[in-house]
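What follows is a set of notes on a single structure, which appears directly below.
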Amino acid sequence: MIRYLGIAGLISLSLPTQAPVLHVMTWNVCAGTYNSCPLFRRTTTELAWHVAVLATKADVVFLQEFCTGADADLERELEARTGRAWSIKSAGFAHPDGSPYQCAPDWNGKARGVQSVTLAVAERSVRFEVHALTSPPWGTRRYAVCTADRALCTAHFSSGSIYDDRQKGAPYRHKQLRELFKLGRGVVGGDLNLVPRAAATAYEGRDECDPRNRWTYVTRKRKIDYVFAGDGRVRGCFVDYARKRWSDHVPMHAWVAR
């Protein structure tokens, strides 16, 4: 049986068309390993549905804590809902010993792949690159996923937990920040696990989706999810609080001048 979370109040996420814009959604799905999250142990079909129903107007999707086993379902669901071709690339996380950071199996005991950071683009045959980010030797190995031209890049930084960059000053997350923004040449974002004042260098010469810095992390009511673009390129932002019971993060939508 497929179980879907309610979508009451789902709005049409579009802006009045003036100059051409790119609609980018970022969302930490929290599907992989946290049993307190609503999408924990959902089937890959259900994971794909819950992303695609929010991304029917999007051109680009950044996902964190997704599962690699759902990539094909996500591509099919996005293409069915949008009528466009999509390309998807996931980078699965690894434990310190290099073994895959597996998502928990679904309700039926079926494997769902590896917990991942994922980039989806509404174009056919997009070329992607995966770049390792400097991670604590004792913590989860983190990656960035970019298009080959680096126009789009997303990542999920170290968590700041006791086993993953808890040191004073968050040295690994700040190194990951520098590495991600050295890679990204256009629209860059994801779950950076840093509040705005700690991510201040990312704002230099760039716009961020939400200048009001509204919270995106449900559990602690703080902003740690971002979409950045070149100075003057962000045209609009929507933080989807109607989805606060779908994950421990809310989706955020940015409209960026092409």
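Quick caveat, the model's predicted, so the values are computed rather than measured.
Looking only at distances, no side-chain donor or acceptor of Asp191 sits under 3.5 Å from a matching main-chain atom of Asp225. A distance-only check finds no donor-acceptor pair linking the side chain of Asn108 to the backbone of Lys110 [under 3.5 Å]. A donor-acceptor pair under 3.5 Å links the side-chain atoms of Thr68 to the main chain of Val114, judged by distance alone. Checked by atom type and distance alone, the side chain of Glu46 never pairs as donor or acceptor with a backbone atom of Leu39 at under 3.5 Å. Looking at Arg124, its side chain never comes within 3.5 Å of a backbone N or O of Ser87 through a donor-acceptor pair. Side-chain atoms of Ser116 never come within 3.5 Å of backbone atoms of Thr118 as a donor-acceptor pair (strictly under, hydrogens ignored). No donor-acceptor distance shorter than 3.5 angstrom exists from the side chain of Asp248 to the backbone of Thr219, with no hydrogens or angles considered. Checking side-chain atoms of Ser99 against main-chain N and O of His95 turns up no donor-acceptor pair under 3.5 Å. With hydrogens and angles disregarded, a donor-acceptor distance shorter than 3.5 Å links the side chain of Asp59 to the backbone of His23. Between the side chain of Gln115 and the main chain of Phe66, no donor-acceptor pair closer than 3.5 Å is present.
Phe62 is not connected to Leu54 by any chain of hydrophobic side-chain contacts under 4.5 Å among Ile, Leu, Val, Met, Phe, Trp and Tyr, and they are in different clusters. Following chains of ILVMFWY side-chain contacts shorter than 4.5 Å, one cannot reach Met252 starting from Met25, and the two form parts of different hydrophobic clusters. Cluster membership for Val51 and Val60, using ILVMFWY side-chain heavy atoms within less than 4.5 angstrom, is not shared. In terms of hydrophobic clustering, with Ile, Leu, Val, Met, Phe, Trp and Tyr side chains grouped at heavy-atom distances under 4.5 Å, Val53 and Val29 are assigned to a common cluster. Tracing side-chain contacts under 4.5 Å through hydrophobic residues (I, L, V, M, F, W, Y), one never reaches Leu183 starting from Val188; they form parts of separate clusters.
A heavy-atom distance below 4.5 Å is found between the side chains of Thr154 and Gln64. Counting only heavy atoms from C-beta outward, the side chains of Val239 and Trp215 never approach each other to under 4.5 Å. Looking at Val121 and Leu152, their side chains come closer than 4.5 Å, going by heavy atoms from C-beta outward. In this structure, His131 and Lys182 have side chains that are not in contact, with every pair of non-hydrogen atoms separated by 4.5 Å or more. Side-chain contact check for Glu79 versus Arg76: every heavy-atom pair is 4.5 Å or farther apart. The side-chain heavy atoms of Val187 and Arg233, taken from C-beta on, include a pair separated by under 4.5 Å. At least one side-chain heavy atom of Arg206 sits less than 4.5 Å from a side-chain heavy atom of Phe181. Counting only heavy atoms from C-beta outward, the side chains of Asp106 and Thr44 never approach each other to under 4.5 Å.
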Check your understanding: When you look at Leu133 and Tyr172, which way does the side chain to side chain contact (heavy atoms under 4.5 Å, CB included) test go after all the steps?
Key -> CA-CA 9 Å; Leu133 300 176; Tyr172 286 95; over 6 Å; no

Practice item. Quick one: do Arg178 and Thr201 satisfy side chain to side chain contact (heavy atoms under 4.5 Å, CB included)? Show the steps, please. Key: CA-CA 8 Å; Arg178 292 192 296 271; Thr201 58; 5.6 Å; no

Exercise for review: Start with the C-alpha distance between Leu192 and Leu180, add both sets of side-chain angles, then the distance that settles side chain to side chain contact (heavy atoms under 4.5 Å, CB included), and finish with yes or no.
Suggested key: CA-CA 10 Å; Leu192 307 188; Leu180 178 63; 4.0 Å; yes

Exercise for review: Give the intermediate values and the outcome of side chain to side chain contact (heavy atoms under 4.5 Å, CB included) for residues Leu63 and Leu74.
Suggested key: CA-CA 11 Å; Leu63 298 174; Leu74 179 60; 3.8 Å; yes

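For the ring-ring contact (aromatic ring centres under 6.0 Å, His included) test, residues two or more places apart in sequence or in another chain that qualify with Tyr203 are Phe228.
Thr45 and Thr43 are not linked by any side-chain donor-acceptor pair at a separation below 3.5 angstrom, with hydrogens and angles left out of the test. Using a 3.5 Å distance cut-off with no hydrogens or angles, the side chains of Glu65 and Thr33 do not pair a donor with an acceptor.
In this structure, Phe93 and Tyr101 have perpendicular ring planes: the angle between them is above 60°, well past the 30° mark. Taking the six-membered ring where the residue is Trp, Phe238 and His253 present tilted rings, their angle falling between 30° and 60°.
Using a 4.0 Å cut-off between charged nitrogen and carboxylate oxygen, Arg142 and Glu179 do not count as a salt-bridge pair. The pair Lys89-Glu129 fails the salt-bridge criterion, with no side-chain N (NZ, NE, NH1 or NH2) lying under 4.0 Å from an Asp/Glu carboxylate O.
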